[in-house]
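Just so you know, residue 1 is the first one in the sequence shown, and it goes up from there.
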Amino acid sequence: MQRVATSRAQPELRQALRRRNLGGAILLALALLLYGFTLDNGLQPYELHGGDLITHHYAQVEARPGNAPGYPLYTMGGWLWFHAMRGALQAAGNPTPNPIPILSSYSTVWALLALGLLYAVLNRITRSPRHPAGNWPLAWLLCAFYAVTYFFWYYATTSEQYASAIAQTLAIVYVYLRWREASAGKQEADASSSPSFSPHSSRLLVLLAFLCGLSLAHMLTVAFIVPPLVIAVLWERPQALRNGRLVLACVAAAFLPLLSYAYVYLRGAAHPEWWGAGEWSNANDWFWSFVSTAQGREELLWGFQPTCAFFDGGFPELIWRELSIPLLLIGLFGAALLDRKSAFLFYGTFAVYLAFNWMYRCGNWYQVILPAYPLILVGAAAAFDRWEARFAARKRWLSYAPLALLLIAIAWRFDASWPEANSRNRPEDTALDRAAVLLDQPLPQGAGLFAAVDDALALDYLIRIWGLRSDLRVVSSVEAGEVLRSGGLVFSTRDAAATLLEELPADVRPPRTAFGPDWLALGDVEQTPGIPVALEVKIVDGVALAGYGVARAPTGAPVTQAAPAVDVTLIWRIDATWPSGLGVSLRPTANGAFILDPVTSGVIQRDASAPVQGLVEPEPGAPVSDALRVPMPNGADGVMLLVYRAEEGRFENLLELSLQLDETQF
């Protein structure tokens, strides 16, 4: 690493600094546009079932501990970011903004910081008389390449914390380089025989210790750079160990982040429902188990696994699949072109990463290969800069070869990463669609909601994270029984109602009524008075259609916009039980003709074999309400009601009724 003059009086240096800074600003602006355009804004069904992504959502919205050991500083930063951004959007006129892009943009902030730090590191290690402010075109292209590698791009647009770990690792490298320059200054050189340090050098060393200690409250794998870093620092300044005050300050700075675990303890003590799986007698027992990562300790146990081959689709094959074999080799060899201490830091860190990744089940390899990418690119910068210096005077055209290579690499990597890294408006982001429709209905205040697992997770997310109908809550069957005993209301999705009725205590048998096509109401719920269209049509002995109503179906706003449909409510009078073989079919029509499904070529219809799927026992002569949701494709202008009897494979229509609709209903 060559030292160059930095006097602002030098016009050439000032001009180089302006170009470098402008290039950095353009780099970050383009990255912001790319990540903003591809920012995650939905969830796939499996993501609601667990994992880091959904854990961070709940942690940052509710200020609860994240995965063990809690990540207190990262989580609280996310909590501040989320509530500040959501408040700003609400003030701008959006009362229920989508929380997913807000939470994902927190990762974008860290990704931009990581790119800025990488740009600064690359410029710092390529400074020379030829490039007094650093070889910024080379740094720019290497950063642009890294910005479109799949893992970095993906984690810059989704709500996991890996971008922040990369930023922290690069911050350690950057401050280390700054400290080395300060240590090599004239004031330090004059004091080389004593344990004294200049104030600037001492502050940088304390800052470096703080950044290293930050991993204790952030991501523990960041600390893998610490052992080679400590050796490199003592190699540079062995007399530092004789400066007791400085050593004490560094130790205190390294352990200062541990104070943030008071937040984990206090939040966990206040909310034992957050403790997760396990039994603990008190908050203290839970806390020490949690911060020691007992829940995930098996992942960190040492034990070589022979099946971790080089060509198994995981570590380390993913590294050269992303960086390309030539760039990987150039980076690894290029690190040797740095000064000896910096080279030791990089190679030592790579060695620790490699050892970790051959631990039990190859470890969480993605946690360490992500910071490894930019460190490899630092070596590539050293190699490319040396190449340019070698040919700049003799064959200038050849000196541009690294830049041309990087332009090709950027185009290749962008094209390869785009399909998977683009997290915006993914067709598979359907996890919340059905739950949004379930909530977009006039459910009474304070009701409990019971549903199958997928629906329950999605409903809970919309209520607690999105902030829709925060007066409602998802309940288990045990909790549903307690709500009903206290005189409250419980609504069960129809497909989960049989399970709930079976699991309710024997002494809890509330009244049951249909509440639209989706819900079964348990408890005394007020029904809409009257029958919109009154009839008295006898179907068979003991069964009559007393009337019907048609209303626009809920769309799931503001989460989604379901296809146009209408909810048809049918009011029946049943003297005893619904006859076997009697069925109901509702079909959209266009100009009196049934509409065919363009995929199956069959008639679009919604059928029922009994009102409310037989979940409601009719009282003789009392009306029984049921509802079915009928899709209304383009061109549909009506709905036909068919009541039929099926016997031995034959169907007899007992009623054909065209229902009255108006254009505001679909």
Any residue meeting side chain to side chain donor-acceptor pair (under 3.5 Å) with Thr569, in chain and number order, not counting sequence neighbours: none
Run the ring-ring contact (aromatic ring centres under 6.0 Å, His included) test against Tyr644 and tell me which residues pass, sequence neighbours left out. Phe651
Residues His56 and Glu160: side-chain donor-acceptor under 3.5 angstrom: no
Look at the side chain of Ser417 and the backbone N and O of Tyr150, then say whether any donor-acceptor pair between them is shorter than 3.5 Å. yes
Look at the rings of Tyr74 and Tyr106 and say which category their plane angle falls in: under 30° parallel, 30 to 60° tilted, over 60° perpendicular. tilted
Determine yes or no for a side-chain-to-main-chain donor-acceptor pair under 3.5 angstrom, with Ser107 supplying the side chain and Leu103 the backbone. no
Expected list for residues 84-94: side-chain donor-acceptor pairs under 3.5 angstrom, two or more places apart:
residue : atom : partner : partner atom : Å
Gln90   : NE2  : Pro95   : O            : 3.2
Asn94   : OD1  : Thr96   : N            : 3.4

Among pairs that include at least one residue of residues 602-640, which meet ring pair (Phe, Tyr, Trp, His ring centres under 6.0 Å), considering only residues two or more places apart or in two chains? none
The criterion is side chain to side chain donor-acceptor pair (under 3.5 Å); which residues satisfy it with Ser281, sequence neighbours excluded? Asp285
For residues 60-68, please give each side-chain donor-acceptor pair under 3.5 Å, one per line with the distance, not counting sequence neighbours.
residue : atom : partner : partner atom : Å
Glu62   : OE1  : Arg64   : NH1          : 3.3
Glu62   : OE1  : Arg464  : NH2          : 3.0
Glu62   : OE2  : Arg464  : NE           : 3.0
Glu62   : OE2  : Arg464  : NH2          : 3.2
Asn67   : OD1  : Thr55   : OG1          : 3.4
Asn67   : ND2  : Asp52   : OD1          : 2.3

With sequence neighbours left out, write down each residue that passes side chain to side chain donor-acceptor pair (under 3.5 Å) with Glu273, or none if nothing qualifies. His271
Suppose we screen for ring-ring contact (aromatic ring centres under 6.0 Å, His included). Which residues come up paired with Tyr261, at least two apart in sequence or across chains? none
Decide yes or no for Leu520 and Leu500: does some side-chain heavy atom of the first lie under 4.5 Å from some side-chain heavy atom of the second? no
So does Ser292 get a backbone contact from the side chain of Trp288, meaning a donor-acceptor N/O pair under 3.5 Å? no
Identify, with sequence neighbours excluded, every residue that meets ring-ring contact (aromatic ring centres under 6.0 Å, His included) alongside Phe287. Tyr265
Quick test of your reading: applying salt bridge (Lys or Arg N to Asp or Glu O under 4.0 Å), list the pairs with at least one residue in residues 504-525, sequence neighbours left out, ordered by first then second residue. Arg485-Asp507, Asp518-Arg629
Between Asn98 (side chain) and Asn41 (backbone), is there a donor-acceptor pair under 3.5 Å? yes
Inter-residue atom distance Leu489.CG - Gln445.CD, 0.5 Å rounding: 11.5 Å
Checking Thr493 now: which residues fulfil side chain to side chain donor-acceptor pair (under 3.5 Å) with it, not counting sequence neighbours? Asp495
With respect to Ile100, which candidate in Leu53, Asp429, Leu432, Leu39 satisfies the side chain to side chain contact (heavy atoms under 4.5 Å, CB included) definition? Leu432
Kindly state each residue pair satisfying ring pair (Phe, Tyr, Trp, His ring centres under 6.0 Å) with at least one member in residues 459-505, sequence neighbours excluded. His57-Tyr461, Phe491-Phe515
Spacing of Thr149 atom OG1 and Phe152 atom CZ [to the nearest 0.5 Å]: 7.0 Å
With distance as the sole test, does Glu503 use its side chain to make a donor-acceptor pair with the main-chain N or O of Gly481 at under 3.5 Å? no
Donor-acceptor pair, distance only, cut-off 3.5 Å: does the side chain of Asp471 make one with the backbone of Gly446? yes
